[in-house]
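Encoded as structure tokens, the structure appears first; notes follow it.
We count ligands from 1, going down the list as the structure has it; atoms in each ligand are counted the same way.
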Amino acid sequence: MTATEQAGTSAPTPVLSLRGVSRSFGAARALLDIDLDVYAHEVVAVVGDTGAGKSTLVGVLSGAQQPDEGQVLVDGSPVALADPASARSLGIAAVFQDLALCANLDVVENLFLGQEVVRGSLLDEVAMEKQAWNLLGQLAARVPSVRIPVAGLSSAQRRAVAIARSLLGEPRVILLDEPTASLGLTQVAEFLTLVERLRARGHAVLITSHSLSDLQAVADRIVVLRLGRTNGEFRADHVTYEDLLAAVTGVAR
Ligand SMILES: Nc1ncnc2c1ncn2[C@@H]1O[C@H](COP(=O)(O)OP(=O)(O)OP(=O)(O)O)[C@@H](O)[C@H]1O
């Protein structure tokens, strides 16, 4: 039971929050006084131009980077994300642009690398294959076989494998950094279906993107970063492309 439920109120507690987070690199202010909330069953898109602070934000939320000021909260309580392992242990998984897959290994080997299922002293290949198909099926991801090297898969299929791998630890929050950057139009559509599946599974999903239009179809909320600051927060079904563009570029409408 969360603290909020114990207090007898019905307002949900965000799974993941930032309060007053700042992070600089020398004179470059990558993030400045950022507040952010992400709830279960919600997709939040963080959009912004080059250098807006999106990667730094994912770095802080995933434990890869530490804020200079401010707090990260999980279920409303401050946490220290000293490294990615601490973030993962708190239920925060991140999938970065490079996907970190081994091209020569097959789908099952990539999914279970370092977390193989064993039976006695042997790998339980049948159980791993079954779980691989199950996870990919839950994401509506179509791959010809789970026994082909990931080098033979499309960009969208490889991304689905990387996301499926992140689900093995049953994370509550999934961070996707620029997931649509290398995808064609059809593949973006497949990816959006996958994100809908993540939301339906109850995950809190945060996606960063340069593209204003890709994520509007699937996001519940859109947060705009500009020069390290929050420059607008919108309900995706209420905002126009022009309003988003104005917030991204800082040009008044
Ligand atoms: N390791 C670093 N060293 C120095 N400056 C950095 C570093 N990482 C980020 N920055 C600076 O912080 C600011 C925010 O960068 P960040 O990469 O977070 O933005 P972004 O929105 O992800 O941009 P892009 O879309 O180009 O990846 C930029 O001014 C960038 O130059």
Looking at ligand 1, is there an atom of it that comes within less than 4.0 Å of some heavy atom belonging to G48? no

Which residue and heavy atom of the protein sit nearest atom 19 (O) of ligand 1, plus the separation: G53 N, 3.1 Å

Which of the numbered atoms in ligand 1 are under 4.0 angstrom from any heavy atom belonging to A52? 19 (O), 20 (P), 21 (O)

D37 CG to L18 CG distance, which is reported to the nearest 0.5 Å: 8.5 Å

Would you compute the distance between atom CD of E178 and atom NE2 of H210 and round it to the nearest 0.5 angstrom? 5.0 Å

Heteroatom proximity flag, R29 to ligand 1, N/O under 3.5 Å: no

Nearest 0.5 Å, please: how far is CG in L139 from CZ in F191? 10.5 Å

Rounded distance (nearest 0.5 Å) linking atom CG of L57 with atom OG1 of T208: 8.5 Å

Under a 4.0 Å heavy-atom limit, does H210 contact ligand 1 with its side chain, its backbone, both, or neither? side chain

How far is atom 10 (N) of ligand 1 from the closest protein heavy atom, and which atom is that? F25 CD1, 3.4 Å

Does the protein put a heavy atom under 4.0 Å from atom 5 (N) of ligand 1? yes

State yes or no: do I34 and I207 share one hydrophobic cluster built from I, L, V, M, F, W and Y residues joined by side-chain heavy-atom distances below 4.5 Å, directly or via other members? no

Counting each atom of ligand 1 from 1 as listed, which ones have a heavy atom of D49 under 4.0 Å away? 21 (O)

Could you go through the side chain to side chain donor-acceptor pair (under 3.5 Å) check for Q138 and R197 one step at a time? CA-CA 7 Å; Q138 285 180 36; R197 294 294 184 101; over 6 Å; no

Distance from L31 atom CG to S22 atom OG, nearest 0.5 Å? 7.5 Å

Can you tell me how far CG of D214 sits from OG of S209, rounded to the nearest 0.5 angstrom? 5.5 Å

Tell me whether atom 30 (C) of ligand 1 lies less than 4.0 Å from at least one protein heavy-atom position. no

Provide, to 0.1 Å, the distance between atom 26 (O) of ligand 1 and the closest protein heavy atom, together with that atom's residue and name. T50 CG2, 3.1 Å

Suppose we measure from atom 12 (O) of ligand 1 to each protein heavy atom; which comes out shortest, and what is that distance? A30 CB, 3.3 Å

Which option out of S55, G59, G26 puts a heavy atom nearest to atom 17 (O) of ligand 1? S55

In terms of hydrophobic clustering (I, L, V, M, F, W, Y; side-chain heavy atoms under 4.5 Å; direct or indirect links), are V161 and L192 co-clustered? yes

If you count the atoms of ligand 1 from 1 in the order shown, which ones are under 4.0 Å from a heavy atom of T56? 15 (O), 16 (P), 18 (O)

Return the closest protein heavy atom for atom 23 (O) of ligand 1 as residue, atom name and distance. G51 N, 2.8 Å

